[in-house]
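Reviewing the structure listed below.
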Amino acid sequence: MKKLEILGTGCPKCSQLAASAEAAARELGVEYELVKITDINEIMKYGVMVTPALAVDGEVKVVGKVPSADEIKALLS
Amino acid sequence: MSDCCGKGAADGAASGCCGEASGRNVLLYACSGGANVAEISDRAARELMFSGCGTMFCLAGLGAGIQGMLQTAKDADLNIIIDGCPVGCARKVFDNAGITNYRQIRVTDLGIEKAKGVRSTDEQVSQVVVLAREAIAEA
């Protein structure tokens, strides 16, 4: 089970990133848990200063952008 | 913190700067060492940040290998490094981490002599700010 964490305060790009990450995980057939972290203080604990960001199993993979579906798949596989 | 909804860009546009105003994610770093040139680097980075040219970020965090901070720097559109002197500690932090999307500015390249126990001047800080703005615009 992969833990997908969306770091962002809830703006449209954060939602877009969450949807893309979920879609990528489903297409790969990967079991996942999606967690949205919206508290800025919690986000900053990850060392992230620009949102949205995606962390996979606790490791920050993408910061400040919404990657393509293929890019997210590469991160998850 | 820069959000993804363009607040920084709007602030930058108001200042006429070329970093966040263009929608780019520009991160600023100062060596912030002990000499006068390091104080200049720190003051210049803050001036750039408060005028909307980018977001100042934590060089110490990169040096410490904080994973999320390293990824933040890697994914930035541009990292502006302001080193005080030719030792180039800030740049070496980036090189050691394998992060290449940066432009380096060195305060001593402006003819400012490195010294201990000497305070920076507003004019020196302004010189560095101008150089950094040019670097941001060119990158």
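Values below: every heavy atom of this structure, side chains too, minus hydrogens, waters and symmetry copies. Residue numbers start from 1 in every chain, and the chains themselves are labelled A, B, ... in the order their sequence lines are given, proteins ahead of strands.
Of the inter-residue distances, the one linking Asn25(B) atom CG with Met49(A) atom CE reads 9.5 Å to the nearest 0.5 angstrom. The NZ atom of Lys61(A) lies 9.5 Å from the NZ atom of Lys74(B); values are rounded to the nearest 0.5 Å.
Both the backbone and the side chain of Val62(A) come within contact range of chain B, each with at least one heavy atom under 4.5 Å from a heavy atom of that chain.
Remark: side-chain polar atoms of Thr72(B) are not paired, donor with acceptor, to backbone N or O of Val63(A) under 3.5 angstrom.
Annotation for Glu33(A): atom CD counts as buried by contact number, over 12 foreign heavy atoms lying within 6.0 Å. For Lys73(A), the NZ atom counts as densely surrounded, since its 6.0 Å shell holds more than 12 non-hydrogen atoms of other residues, nucleotides or ligands.
Hydrophobic clustering (side-chain heavy atoms under 4.5 Å, transitive across Ile, Leu, Val, Met, Phe, Trp, Tyr) keeps Val87(B) apart from Val37(B). Using a 4.5 Å cut-off between side-chain heavy atoms of Ile, Leu, Val, Met, Phe, Trp and Tyr, with links allowed through other members, Val66(A) and Val56(A) fall into the same hydrophobic cluster.
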